[in-house]
Trainee: 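The structure's right below; bear with me while I get my questions together.
Order of listing sets the numbers, starting from 1, for every ligand and every atom in it.
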Amino acid sequence: MYSLSAKQLSSLVKEGKISAVEVTRYFLKRAEAIDPSVKAFLTLFPEKALAKAHAIDEKIKQGKSVGKLAGVPVAIKDNIHIESELTTCASKFLADYKAPFSATAVRRIEEEDGILLGKTNLDEFAMGSSTETSAFFETRNPWNLSCTPGGSSGGSAAAVASRIAPLSIGSDTGGSIRQPASFCGTFGFKPTYGRISRYGLVAFGSSFDQIGPFANYAEDIALMMDVLAGHCPLDSTSIADSKEDFSASLSQGVENMTIGVPRNLLKELDPSLIDLFNNAINEYVKMGVKVVEIDIPLIKYSIPLYYILAIAEASTNLARFDGILFSKRSTKAKTLKEVYEYSKEEGFGKEVKRRILLGTYVLSAGHQDAYYKKAQKVRRLLIEDFKRIFQTCDAVVLPTVPSAAFELGAIKNPLEMYLQDIYTIFANLAGLPAISMPIGLDKNQKPFGLQISSAQMQDAKVLRLSAALEQQLKLQTCPPLFAKEFS
Ligand code: GLN
């Protein structure tokens with residue numbers, strides 16, 4: 001059952017060939033067997049999950065119609081609200097914070113009869129690339145338990161890769177869905193900005209943040225987009241009329257499409273991965289896709305732009321965690337000023353503090369023009385560059401990451417960690433849809449992902465290109481450690 005797609009599983013449930021309860025029990029058992037070593041989950045909901053599964057089976061017995069995700073377990077990154085459950089953001093600050101409402105994305109999963117399996121680990125407030133900044137524990141890469149799963153959505157990626165859950169959702173501000181998808185050998189998709197509601201996602205960089213799905217098959221990413229996309233009146237940046245039949249569009253073919261490859265950016269790529277990348281491009285050529293070389297010189301400013309703009313937004317977003325409103329309040333504090341100071345001091349980890357300080361600095365009166373405003377201008381230029389490129393190209397193809405998964409603890413310098421996002425940030429800066437899909441293993445048997453991006457609202461095109469390559473490559477994507485039954 002672990003190798004079936006979510007689409008197959010829900011069909012079996014709908015046809016009555018297997019019950020939602022059996023499916024849920026099966027994946028809970030996998031969680032019990034696998035999660036002590038992978039540690040993808042902060043919390044699991046066995047009772048609630050089984051109760052929902054029972055209710056779905058009951059509906060089916062009574063001949064009532066059920067939703068697109070009927071009986072399929074879905075894991076949720078722990079910065080996305082599920083009403084009355086903890087939303088910790090993997091921070092001590094919110095260690096006992098319970099969500100007062102459910103995110104729109106979560107509500108849609110429930111409405112389509114998906115089963116909420118649990119909340120997954122992340123870098124604190126989604127700041128990081130390895131899930132190591134979680135205040136609670138580290139998550140491990142299912143392909144190699146001494147390596148990181150990437151981040152910040154490392155728990156959601158590892159849960160899907162190890163087949164504890166067929167589906168999960170994460171959030172991507174600078175690469176946090178795509179980078180862990182690449183490290184864990186799964187599909188991870190960041191849709192066009194505004195396509196999936198951010199209502200109920202704890203804000204990091206609001207003009208960058210986007211919720212998106214993880215899955216082991218392209219058809220499941222499309223299925224999740226069918227469920228998650230669409231206008232939401234509760235998110236003021238939600239795009240109107242953004243509903244589309246993503247699953248149906250997968251079969252439309254890719255012949256005669258043109259993809260652009262910015263070859264000069266490959267200098268940053270670990271040379272041992274270049275063959276995997278070229279091999280994927282060749283497969284496209286075989287399918288009748290035209291490949292052209294392009295130049296996007298401004299991408300080299302992605303990291304400085306992101307680490308000015310996203311942290312500026314983060315510093316204002318995180319100002320709400322002041323010791324008064326949410327969860328953490330220092331017991332040491334005797335005055336109002338101390339409530340602010342000690343609560344933040346005790347509640348936030350090092351990386352979060354670093355970003356609040358830097359973000360406050362770039363927004364301060366004396367430095368706003370030099371940093372924040374200048375960065376906004378360059379962001380605009382980058383957006384224009386991509387508009388120009390997408391006049392002649394259907395998609396831009398890049399590696400997702402500069403290297404395969406690194407060992408836990410290997411990257412100690414924060415600036416070095418920031419370089420993880422060198423290939424992914426552009427999509428957040430320009431609001432573009434971008435997917436990471438597995439294209440093979442390196443010499444150490446670690447997965448590596450290809451990133452496909454397109455113009456705003458061309459999400460379906462990205463999914464079609466990834467589905468076509470998936471069919472062509474026919475990879476086995478389950479990590480050997482967990483490609484077995486646990487009964
Ligand atoms: N790694 C990036 C960061 O630390 C991206 C995080 C994200 O996308 N949430 O900010």
Trainee: Which one of R178, R195, R198 satisfies the salt bridge (charged side-chain N to carboxylate O under 4.0 Å, His left out) criterion with D172?
Mentor: R178
Trainee: Looking only at distances, can you tell me whether any N or O atom of G151, backbone or side chain, sits closer than 3.5 Å to an N or O atom of ligand 1?
Mentor: no
Trainee: Ignoring angles and geometry beyond distance, decide whether M127 reaches within less than 3.5 Å of ligand 1 through its nitrogen or oxygen atoms.
Mentor: no
Trainee: For the 3.5 Å polar cut-off, considering only N or O atoms, please tell me whether F204 and ligand 1 meet it.
Mentor: no
Trainee: Is it true that the side chains of S91 and K328 contain a donor and an acceptor less than 3.5 Å apart?
Mentor: no
Trainee: F183 and ring pair (Phe, Tyr, Trp, His ring centres under 6.0 Å): which partner among F448, F406, W143?
Mentor: F406
Trainee: Given that the side chain starts at C-beta and the backbone is N, CA, C, O, which of these parts of Y307 lies under 4.0 Å from ligand 1, counting heavy atoms, or is it both or neither?
Mentor: side chain
Trainee: Any idea which protein heavy atom is nearest atom 5 (C) of ligand 1, and the distance to it?
Mentor: Y306 OH, 3.4 Å
Trainee: What I want to check is whether the side chains of S330 and E346 have a donor and an acceptor closer together than 3.5 Å.
Mentor: yes
Trainee: Return yes or no for this condition: an N or O of D421 is under 3.5 Å from an N or O of ligand 1.
Mentor: yes
Trainee: So, are K48 and E85 salt-bridged, with charged N and O less than 4.0 Å apart?
Mentor: yes
Trainee: Without hydrogens or angle criteria, can the side chains of T131 and T139 be said to hold a donor-acceptor pair below 3.5 Å?
Mentor: no
Trainee: Could you list the atoms of ligand 1 found under 4.0 angstrom from a heavy atom of D172?
Mentor: 8 (O)
Trainee: For atom 9 (N) of ligand 1, what is the closest protein heavy atom, and at what distance to 0.1 Å?
Mentor: S176 OG, 2.7 Å
Trainee: For ligand 1, does R355 get within less than 4.0 Å through its side chain, its backbone, both, or neither, judged by non-hydrogen atoms?
Mentor: side chain
Trainee: Less than 6.0 angstrom from the centroid, inside 45 degrees of the normal: does R379 satisfy that with respect to the ring of F208?
Mentor: yes
Trainee: Which of the numbered atoms in ligand 1 are below 4.0 angstrom from a heavy atom of S152?
Mentor: 9 (N)
Trainee: Could you tell me if the ring centre of F93 sits under 6.0 Å from that of F326?
Mentor: no
Trainee: May I ask you to check whether S171 has an N/O atom sitting below 3.5 Å from an N/O atom of ligand 1?
Mentor: no
